[in-house]
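Written below as structure tokens is the structure these notes are about.
The first residue of the sequence shown is numbered 1, and numbering continues consecutively from there. Worth saying up front: this structure is predicted, and the values here are computed from it rather than measured.
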Amino acid sequence: MMHDVANETLDLALKYTDQAEIYVEKEEGVNVDIKKDKVDFAKEAFTFGVGIRVIIDGKMGFSYTTNLDKLEDTVKSSIFNAKSNEVDENFAFAPKSKYPNIKGIFDPKIEYLELEEMVSFGKVMLETVLDERCEPTSGGFQTGYSKFIIANSEGAVSQDVSSIFSGYISVNVDDGENVSTASEYDSSRYLDIDPVDIAKNACKIAKDSRKGLSVETADFPVILDHHAASGLIATFSSAFNADNVQRGRSVFADKIDQEVVSSSLSIYDDGTLEGGLQSATSDGEGVSSQRTPLIEKGILKNFLYDIYTAKKGEVEPTGNGMRSSYGDMPAVGLSNLVLDFDDVKEISTIDNGVFITDVLGAHTANPISGDFSVEAMNAFKIENGELKNPIKKAMLSGNIFQAMEVASAATADKRKIGPFVLPQILVENLRVVG
């Protein structure tokens, strides 16, 4: 059916223009919501939509619909929008391509999973939290099935099918004087996430965080756990976005072939990563997914491009024209950003430092300068290579670009968190404010 819709809409568009692109998307999912000590509701969702882009005389037009009886009207809307816009020589659509076979992004179990099984996942998390003598405050379990087809006037036809499963729980523990909180989250393309592990990890962090002590304000070696690291790397990663580079909003803009981070660090963006949470056969405009080296042993090698920024920069696109849905235009985004460190300095090497499980306020960091000031969540003092007392109410501040110049891995194990695939990260000197 989706192929028929894509072909029919493309034929309709080509009646009015020589250049058109059709994006058809189908998504199904279930959201099991947890509030306090019960499963509050389970909601099934279904979306099916068509996004249409056209180019007429160098002008781009876009429109979308969920009504398959209005396809020609939607095409006409995109034509009208194009004629109302300005000419830009950098507008183009993806050429006909061969696409990679991506492994590990679809679990057929999702087609047979019953609502009762999904509710059971949430109940298991709740029961485990209560068994651990913690108080659940919120959480949930989500499943998602997604399929898209892209067809355009250049002959490109791309399609992809994927699944996603994720679980989350937040808990409180009363220590008699104060309440310590913690949360845990896990996601996978396969139904292999463990609700018991998620719940136990959240409870362990909350229990370990009880009776926190103050910490002196000073510069410390800081280990950022996976969640904390991903929050700050989100700011760092914006410097690879070619749109930011071309607008003068990236500190890396004029530093190709220069050392910009620790020489032990290599970074690449890989849309073909097996099991990657952002992996797909192509990006959101039909450019074949690929592995793009961004930094090799500290040396900046490349940026991330969609078709528009690539044409503007007179380079090839990297397969990073991402869409959040059929109702959005593609824009430069990450697939799977992988951080590889040659150096691993484990916690046992730190005499006096701080371990931070998560951070609050990472979205307030300045993406241009890299300056940040965030609240340290579930932080612990490191003494003589071991985790000691929990830390009460601390802030973490610094500059993420400077931090990555002296960063190393604190563990060889990586986790997939959204678009990031990364280890715990050790930064030699960060300001901790008690």
Side-chain angles (χ1 to χ4, degrees), residues 53 60 62 88 90-94 229-262 265-273 276-280 282-296 298-325 328-340 362-372 399-405 407 416-422 425:
R53 290 199 298 164
M60 174 74 76
F62 172 69
D88 192 324
N90 299 307
F91 290 137
F93 295 134
S230 65
L232 295 178
I233 291 299
T235 298
F236 174 78
S237 66
S238 66
F240 298 113
N241 184 312
D243 186 55
N244 290 336
V245 172
Q246 292 168 356
R247 292 173 183 269
R249 298 174 180 173
S250 169
V251 297
F252 293 160
D254 57 353
K255 296 183 179 179
I256 289 289
D257 291 328
Q258 295 183 33
E259 185 171 316
V260 294
V261 298
S262 166
L265 176 58
S266 295
I267 300 176
Y268 55 92
D269 182 87
D270 191 356
T272 69
L273 183 70
L277 300 180
Q278 304 286 110
S279 295
S282 78
D283 66 6
E285 47 188 357
V287 175
S288 181
S289 292
Q290 67 178 49
R291 183 182 187 274
T292 304
L294 298 172
I295 290 178
E296 294 180 346
I299 307 297
L300 180 66
K301 292 296 182 181
N302 207 348
F303 299 115
L304 299 176
Y305 296 88
D306 60 3
I307 291 175
Y308 179 86
T309 55
K311 196 169 182 186
K312 189 175 180 180
E314 299 181 341
V315 297
E316 292 297 315
T318 58
N320 290 92
M322 303 304 183
R323 297 189 199 230
S324 58
S325 79
D328 288 309
M329 296 269 281
V332 180
L334 302 174
S335 59
N336 304 291
L337 192 75
V338 184
L339 278 67
D340 280 339
H363 65 284
T364 65
N366 188 317
I368 300 175
S369 70
D371 293 334
F372 65 87
N399 182 283
I400 189 58
F401 298 112
Q402 294 173 7
M404 297 306 290
E405 293 175 5
K416 298 170 185 172
I417 300 179
F420 306 110
V421 183
L422 73 181
I425 295 177

message: Within the structure provided, determine whether M404 and I233 are in side-chain contact (heavy-atom separation under 4.5 Å).
response: yes
statement: In terms of heavy-atom contacts, P330 and E285 come closest through CG-OE1, 3.7 Å
message: Is it the case that over 12 heavy atoms from other parts of the model lie below 6.0 angstrom from the CD atom of E259?
response: yes
statement: Closest non-hydrogen atoms of T235 and I400, given as atom of the first, atom of the second and distance, are CG2-CG2, 4.2 Å
task: Could you pull out all residues at least two apart from T272 that satisfy side-chain contact (heavy atoms from CB on, under 4.5 Å)?
output: P100, I102, D270, S289
- prompt: When rounded to the nearest 0.5 angstrom, what distance separates CZ in R323 from CG in D328?
  reply: 8.5 Å
query: Nearest 0.5 Å, what's the OG-CD distance between S369 and Q402?
result: 9.5 Å
- prompt: So, are R291 and D269 salt-bridged, with charged N and O less than 4.0 Å apart?
  reply: no
query: What residues form a side-chain hydrogen bond (donor to acceptor under 3.5 Å, both in side chains) with N90, not counting sequence neighbours?
result: D88
- prompt: At what distance, to the nearest 0.5 angstrom, does CD of E316 lie from OH of Y305?
  reply: 11.0 Å
field: Note, F240 side chain near L300 side chain (heavy atom, < 4.5 Å)
entry: yes
- prompt: Taking D283 for the side chain and G321 for the main chain, is one N or O donor matched with an acceptor at less than 3.5 Å?
  reply: yes
query: Between S266 and E296, is there a donor-acceptor pair closer than 3.5 Å when you use the side chain of the first and the backbone of the second?
result: no
Qualifying residues under side-chain hydrogen bond (donor to acceptor under 3.5 Å, both in side chains), relative to Q246, sequence neighbours excluded: none
message: Can you confirm if the aromatic rings of F303 and F252 lie within a centre distance of less than 6.0 Å?
response: no
task: Walk me through it: do K301 and D257 pass the test side-chain contact (heavy atoms from CB on, under 4.5 Å)?
output: CA-CA 6 Å; K301 292 296 182 181; D257 291 328; 3.4 Å; yes
query: Do D243 and Y308 have side chains that get closer than 4.5 Å, going by heavy atoms?
result: no
query: Would you find a donor on one side and an acceptor on the other, under 3.5 Å apart, between the side chain of N244 and the backbone of S250?
result: no
OH-CG distance between Y268 and L339, expressed to the nearest 0.5 angstrom: 9.5 Å
statement: Heavy-atom closest pair (A229 atom, L422 atom, distance to 0.1 Å) is CB-CD1, 3.7 Å
- prompt: Is the number of heavy atoms from other residues, nucleotides or ligands under 6.0 Å of E314 CD greater than 12?
  reply: no
Exercise: do N320 and D306 side chains pair donor with acceptor under 3.5 Å: no
- request: Kindly indicate, with the supporting measurements, whether the criterion side-chain contact (heavy atoms from CB on, under 4.5 Å) is fulfilled by F236 and I267.
  value: CA-CA 12 Å; F236 174 78; I267 300 176; 3.6 Å; yes
- request: Could you tell me whether the side chain of M322 reaches within less than 4.5 Å of the side chain of S335, counting heavy atoms only?
  value: yes
- request: Work out which heavy atom in N336 is nearest to a heavy atom in S279; give both atom names and the distance.
  value: ND2-OG, 2.9 Å
query: Which pair of non-hydrogen atoms, one from V338 and one from L273, has the smallest distance, and what is that distance?
result: CG2-CD2, 4.4 Å
message: Ignoring hydrogens, what is the shortest heavy-atom contact between A234 and F420? Give both atom names and the distance.
response: CA-CZ, 3.5 Å
query: Do you know which of L337, L294, L232 makes side-chain contact (heavy atoms from CB on, under 4.5 Å) with S237?
result: L337
